[in-house]
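Data first, discussion second: the structure below is written as structure tokens.
Quick caveat, the model's predicted, so the values are computed rather than measured.
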Amino acid sequence: MAVEEIHAEMVSSVWKVLVAPGAEVAAGDTLVILESMKMEIPVLTERAGTVAELHVVEGEVLQEGDLIATVTS
């Protein structure tokens with residue numbers, strides 16, 4: 001089983017969570033939308049699979065490198 005860890009690429013806040021643990025996702029699906037400097041930044045999965053864990057909630061402030069989600073395939 002392959003595991004994809006999705007991390008924040010910059011300091012941002014979680015604007016919207018679009019998936020829940022257990023959700024099936026396709027490669028390229030948006031998991032969450034971050035907000036930084038008034039820009040919305042979609043966070044995508046690179047592979048199809050299942051959202052194993054979601055590590056963020058809406059309104060949370062993230063630092064660069066923080067874990068957002070894990071997807072297993």
task: Might you point out which heavy atoms bring S12 and L34 nearest each other, and give the distance in Å?
output: OG-CD1, 3.3 Å
- request: Kindly work out whether a path of hydrophobic side-chain contacts (I/L/V/M/F/W/Y, heavy atoms less than 4.5 Å apart) joins V71 to L44.
  value: no
- request: For A2 and R47, work out which heavy atoms get closest and say how close.
  value: CB-NH1, 2.8 Å
- prompt: Transitively linked via ILVMFWY side-chain contacts under 4.5 Å: V14 with I41?
  reply: yes
- line: Closest non-hydrogen atoms of P42 and T30, given as atom of the first, atom of the second and distance, are CB-CG2, 3.9 Å
field: Where V11 and S36 come nearest, the two heavy atoms and their spacing
entry: O-OG, 3.2 Å
task: Keeping to residues at least two apart or across chains, list the side-chain hydrogen bond (donor to acceptor under 3.5 Å, both in side chains) pairs with something in residues 48-73.
output: E24-T50
message: Taking side-chain contact (heavy atoms from CB on, under 4.5 Å) as the definition, give me every residue that meets it alongside A23, ordered by chain and number, with sequence neighbours left out.
response: V19, V51
- request: For the pair L18 and I33, evaluate side chain to side chain contact (heavy atoms under 4.5 Å, CB included) and give the outcome as yes or no after the intermediate values.
  value: CA-CA 8 Å; L18 303 175; I33 299 174; 4.1 Å; yes
query: Is there a path from V56 to M10 through hydrophobic residues (I, L, V, M, F, W, Y) whose side chains come within less than 4.5 Å of each other?
result: yes
message: Quick check: closest heavy atoms across I6 and L67, and the distance to 0.1 Å?
response: O-CD1, 3.5 Å
field: Residue pair L54 / A69: nearest heavy atoms and the distance that separates them
entry: CD1-CB, 3.9 Å
field: Set of residues satisfying side chain to side chain donor-acceptor pair (under 3.5 Å) with respect to E46, sequence neighbours excluded
entry: none
